[in-house]
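Down below is the structure, laid out as structure tokens.
Count residues from 1 along the sequence.
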Amino acid sequence: MAKSPQTELPHKAFGWAARDTSGTLSPFHFSRRENGVDDVTVQILFCGVCHSDLHTVKNDWGFTTYPVVPGHEIVGVVTKVGNNVKHFKAGDKVGVGVIVESCKECECCQQDLENYCPRPVFTYNSPYYDGTRTQGGYSNIVVVNQRYVLRFPDNLPLDAGAPLLCAGITVYSPMKYYGMTEPGKHLGVAGLGGLGHVAIKIGKAFGLKVTVISGSPHKETEAVDSLGADSFLLSSDLAKMKAAMGTMDYIIDTISAVHPLTQLLGLLKLNGKLVTVGLPNKPLEVPIFQLAAGRKLVGGSNFGGIKETQEMLDFCGKHNITADIELIKMNQINTAMERLGKNDVKYRFVIDVANSFASL
């Protein structure tokens with residue numbers, strides 16, 4: 001008989017899990033593995049709420065295994081390290097992002113691109129090599145191999161810094177890889193949400209001119225006055241969209257809903273680059289004639305390897321970049337998920353895990 005999640009591993013843990021496609025989360029007792037010689041045990045203090053969490057609890061992508069504890073924007077304090085761990089000690093403030101294991105042998109892993117490993121182990125909803133399934137950061141503790149633990153900058157607040165572990169690296173990595181960092185160039189940010197608002201801040205730190213492209217007119221003041229974008233372009237204003245055609249060097253498309261790419265590609269200059277990171281749950285149509293006529297590029301990116309994620313955290317520490325957050329308790333998570341589905345958050349929910357579970 002298979003063991004229950006509560007008893008299959010040595011250490012008791014507690015979190016909130018979804019148990020079916022309703023996506024409703026509720027208290028859940030489970031267990032974590034023993035801290036091995038290469039492991040770091042982290043007491044979780046805060047965990048960001050990513051749009052991927054919402055997709056996963058509702059099985060929008062078709063590969064959720066229930067029960068599932070979401071959360072891959074984890075920040076906490078080290079409570080225990082294994083004998084082989086040299087770079088972390090008890091008391092260190094650390095982060096854990098989207099991935100907690102990889103094969104370590106393939107070409108991608110050898111190039112510090114663990115996120116593209118063909119055998120990745122994600123922080124939640126993923127089979128681990130010992131036959132168990134990973135559970136995420138909507139919980140009190142996590143045990144992680146030292147390779148996948150990140151040192152958190154001392155000057156960044158832990159709560160507002162937590163979303164950098166997914167939202168931050170998801171926009172930073174493609175900007176670096178596709179060369180979207182040259183000071184003075186013009187970056188369009190399509191969509192102003194959890195990813196888009198961080199993209200503005202990182203783009204400005206790189207010295208770019210940043211224009212937000214959105215279908216929501218009320219976001220103009222937020223984009224320009226609050227987040228520091230240089231300009232705002234309302235996608236439904238056809239006259240202004242026409243006037244902006246051929247003015248942008250790069251666009252990072254953070255929109256998670258299905259949407260046409262024709263308008264966005266029209267905004268690009270010759271040799272312009274459109275990189276999509278929003279992960280809609282249905283395919284997007286790519287207008288090939290537009291690509292060929294302007295020698296334009298459409299690319300994608302998921303997140304980043306561990307080395308690059310640490311680079312991103314250090315960059316954000318240097319430039320004092322954090323997410324704009326709404327701090328919630330764990331028992332508010334279902335309401336937060338409903339609001340996230342309606343894009344009703346500025347701009348990232350973060351769970352105050354430590355205070356939610358203080359009595360445990």
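Each salt bridge (charged side-chain N to carboxylate O under 4.0 Å, His left out) pair with one or both residues in residues 137-146, not counting sequence neighbours, would appear here, but there are none. Listed by first and then second residue, the side-chain hydrogen bond (donor to acceptor under 3.5 Å, both in side chains) pairs that reach into residues 78-90 are Asp38-Asn84, Lys89-Asp92, sequence neighbours excluded. The side-chain hydrogen bond (donor to acceptor under 3.5 Å, both in side chains) pairs that include a residue from residues 198-212 are His186-Thr211, Lys201-Asp324, Lys204-Asp230, Thr211-Ser231, where partners are two or more places apart or lie in different chains. Applying the salt bridge (charged side-chain N to carboxylate O under 4.0 Å, His left out) test to residues at least two apart or on different chains, none of the pairs has a partner in residues 292-305.
Note: Phe303 and Tyr172 fail the aromatic proximity criterion, with ring centroids not under 6.0 Å apart.
The aromatic rings of His197 and Tyr347 lie parallel to each other, with less than 30° between the two planes, well short of the 60° mark.
For the pair Arg19 and Phe28, the cation-pi test (distance below 6.0 Å, angle within 45°) is failed.
Judged as a ring pair (Phe, Tyr, Trp, His ring centres under 6.0 Å), and not counting sequence neighbours, Tyr250 has no contacts. In this view, Asp60 satisfies the salt bridge (charged side-chain N to carboxylate O under 4.0 Å, His left out) rule with no residue, not counting sequence neighbours. Considering only residues two or more places apart in sequence or on other chains, Asn302 meets the side-chain hydrogen bond (donor to acceptor under 3.5 Å, both in side chains) condition with Asn115, Tyr116. In terms of the side-chain hydrogen bond (donor to acceptor under 3.5 Å, both in side chains) criterion, residue partners of Thr64 (sequence neighbours excluded) are, by chain and number, Asn59. Under the salt bridge (charged side-chain N to carboxylate O under 4.0 Å, His left out) criterion, Asp344 pairs with Arg339, not counting sequence neighbours. Residues passing the salt bridge (charged side-chain N to carboxylate O under 4.0 Å, His left out) test with Lys104, sequence neighbours excluded: Glu101.
Using a cut-off of 4.0 Å between Lys/Arg side-chain N and Asp/Glu carboxylate O, Lys346 and Glu222 are scored as salt-bridged. Checked for salt-bridge contact, Asp39 and Arg33 meet the test: a charged N lies under 4.0 Å from a carboxylate O.
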Side-chain donor-acceptor contacts of residues 255-270 below 3.5 Å, not counting sequence neighbours, with atom names and distances?
| from | atom 1 | to | atom 2 | distance (Å) |
| --- | --- | --- | --- | --- |
| His259 | ND1 | Ala257 | O | 2.7 |
| His259 | NE2 | Asp253 | OD1 | 3.3 |
| His259 | NE2 | Asp253 | OD2 | 2.6 |
| Gln263 | NE2 | Ser235 | O | 3.2 |
| Lys269 | NZ | Asp249 | OD1 | 3.4 |

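Other cluster members for Trp61: Phe63, Leu279, joined by side-chain heavy-atom distances under 4.5 Å among Ile, Leu, Val, Met, Phe, Trp and Tyr.
Under a 3.5 Å cut-off, the side chain of Ser236 and the backbone N or O of Gly215 do not form any donor-acceptor pair.
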